[in-house]
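The structure appears right after this line, and notes come after that.
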Amino acid sequence: MPPHAGTPGNGRPVVSFGEPEVGYKERSWGVRIPPRIAAVAACAVLGLGLIGGAVTGSWLIGDSGDEGGGDRFTQAGELWHSVPVDQLFPPTVDGQGAGPGGADRTWTRIAVAPDSGCANAFDPLLRKALAPVGCERLLRATYTDATQSYVTTVGLLFTDADAGAMRDLDTRFTRDGLADRTDLMPLPYAAKNTLAADFGAAQRASWTISVLTDAPVVAFAVSGWADGRTVDTPESAEKAMESGDTTPAAQAGLGNEAQGLADRVERALRKTVTSPPEQSS
């Protein structure tokens, strides 16, 4: 996937991933579906497959998809070099209902980082926490909101891990509350000559980290003000979005910025795997 910078405008259409459900947040792609619901879904998928010959949805119930094509977990891990950057990080993202109180948000991409390793993308302790799953490739892009008041870096860490290792990492993050610790934060991508030029470690206000369990991917986002102000009390998106929170990050809606954009990039990744682009003959 050749990296290139995205600029606002250029006549590109708005990309919408649909209106999210209230409180939308998915850390795994199907592994926590209740047994009864999963059984019904499996029957529906089987019926569709018999009628149309499709395999869409097989990932959700643990099947490998079409024979010889590799399972969905493996396919997801290969997306970093086979999918255009505009598909993983659209130039414009429509966040209906993503803001505080269900307000709409629109984000415009202002920079795409060259794909790289993970050495300079995370705080040291977070890098150590992620080490068990390895780092195959890291993709990042930075966006701004419609008012150009905030900047948010969103990233996809493609790991070397198998499904078991990803489940173990997700369990550890949940059990030990690692996603809420201020000493385990992603670092922003501060692209020169953009609104994010001064978006450094000291400017981080809110962040989110999601360990996916049905793909070898860790999705994350980190947000801050576009004017380069420093932040003394960064707060995880989950806490900043709690009702009654009065921290600067919460009052500005920066938890919503990080969580909303991360959710939609994660959903775009999922859509790409379940509906891969047609290969030219």
Side-chain angles (χ1 to χ4, degrees), residues 1-4 17 25-33 45 54-90 112-122 126-141 153-174 178-179 186-187 189 208-221 261-280:
M1 180 186 71
H4 57 81
F17 299 115
K25 185 174 183 182
E26 295 186 54
R27 285 186 178 273
S28 69
W29 299 354
V31 297
R32 295 195 178 102
I33 297 176
V45 169
V55 296
T56 302
S58 62
W59 196 15
L60 296 179
I61 56 175
D63 293 337
S64 61
D66 47 350
E67 292 182 7
D71 61 28
R72 297 297 186 185
F73 187 95
T74 301
Q75 291 177 28
E78 297 172 350
L79 289 181
W80 66 268
H81 61 73
S82 61
V83 175
V85 67
D86 284 355
Q87 194 166 334
L88 292 177
F89 300 127
V112 176
D115 56 21
S116 66
C118 301
N120 299 311
F122 307 111
L126 177 56
R127 187 168 65 247
K128 183 178 179 180
L130 295 173
V133 295
C135 177
E136 173 68 22
R137 214 68 170 183
L138 177 67
L139 307 181
R140 293 183 294 170
T153 293
V154 61
L156 296 170
L157 163 61
F158 289 82
T159 76
D160 298 319
D162 59 17
M166 294 303 294
R167 288 193 295 269
D168 289 344
L169 184 65
D170 179 56
T171 297
R172 186 186 175 201
F173 263 73
T174 302
L178 301 186
L187 289 168
Y189 174 58
T208 182
I209 302 172
S210 180
V211 179
L212 310 186
T213 55
D214 284 359
V217 176
V218 177
F220 63 88
L261 190 53
D263 282 347
R264 281 148 187 82
V265 167
E266 183 179 327
R267 293 169 73 182
L269 178 70
R270 183 186 307 112
K271 181 179 179 181
T272 298
V273 176
T274 56
S275 302
E278 295 183 3
Q279 299 297 322
S280 57

Check your understanding: About how many Å separate CZ of Phe220 and CG of Leu156, when rounded to the nearest 0.5 Å?
Key -> 7.5 Å
Revision key, fill the gap. Hits for side chain to side chain contact (heavy atoms under 4.5 Å, CB included) against Cys135, two or more places apart or cross-chain, chain-then-number order -> Cys118, Leu157
Point to revise | Those residues that, when tested against Tyr189, pass ring pair (Phe, Tyr, Trp, His ring centres under 6.0 Å) (two or more places apart) | key: none
Check your understanding: Would Val133 and Val211 count as a side-chain contact (heavy atoms from CB on, under 4.5 Å) if you check the C-alpha gap in whole Å, the side-chain angles of each, and the deciding distance to 0.1 Å?
Key -> CA-CA 10 Å; Val133 295; Val211 179; over 6 Å; no
Exercise for review: Can you measure from CG (Leu130) to CG (Leu178) and round to the nearest 0.5 angstrom?
Suggested key: 9.0 Å
Check your understanding: Going through the checks in order, is the side-chain contact (heavy atoms from CB on, under 4.5 Å) test met by Leu139 and Leu88?
Key -> CA-CA 9 Å; Leu139 307 181; Leu88 292 177; 3.7 Å; yes
Review point. Can you check side-chain contact (heavy atoms from CB on, under 4.5 Å) on Val218 and Phe158, steps first, answer last?
Key: CA-CA 7 Å; Val218 177; Phe158 289 82; over 6 Å; no
Practice item. Decide yes or no on side-chain contact (heavy atoms from CB on, under 4.5 Å) for Met166 and Phe73, but give the supporting numbers first. Key: CA-CA 11 Å; Met166 294 303 294; Phe73 187 95; 4.0 Å; yes
Practice item. Check side chain to side chain donor-acceptor pair (under 3.5 Å) between Thr159 and all other residues, then give those that pass, not counting sequence neighbours. Key: none
Point to revise | Where Asp115 and Arg137 come nearest, the two heavy atoms and their spacing | key: OD1-NH2, 3.5 Å
Review point. Going from CG on Asp168 to CZ on Phe173, what distance comes out if it is rounded to the nearest 0.5 angstrom?
Key: 13.0 Å
Review point. Nearest 0.5 Å, what's the CG-OG distance between Asp263 and Ser210?
Key: 8.0 Å
Check your understanding: What residues form a salt bridge (charged side-chain N to carboxylate O under 4.0 Å, His left out) with Arg127, not counting sequence neighbours?
Key -> none
Revision key, fill the gap. Correct closest heavy-atom pair for Pro186 and Leu126 would be N-CD2, 3.7 Å
Study note, to complete from the structure: On a heavy-atom basis, the closest approach of Ala161 and Pro216 is O-CB, 3.8 Å
**Study point:** Value rounded to 0.5 Å, distance of NZ in Lys271 from CD in Gln87
**Key:** 8.5 Å
Revision key, fill the gap. In this structure, CD of Glu136 is separated from CD of Glu78 (nearest 0.5 Å) by 9.5 Å
**Study point:** Partners meeting side chain to side chain contact (heavy atoms under 4.5 Å, CB included) with Leu187 (sequence neighbours left out)
**Key:** Asp123, Ala201, Arg204
Practice item. Could you tell me which non-hydrogen atom of Leu138 sits nearest to which non-hydrogen atom of Ala121, and how far apart they are? Key: CD2-CB, 3.2 Å
Practice item. Locate the shortest heavy-atom distance separating Glu266 from Ala219; write the atom from each residue and the value. Key: OE1-CB, 4.3 Å
Review point. What residues, two or more places apart in sequence or in another chain, satisfy side chain to side chain contact (heavy atoms under 4.5 Å, CB included) together with Ala131?
Key: none
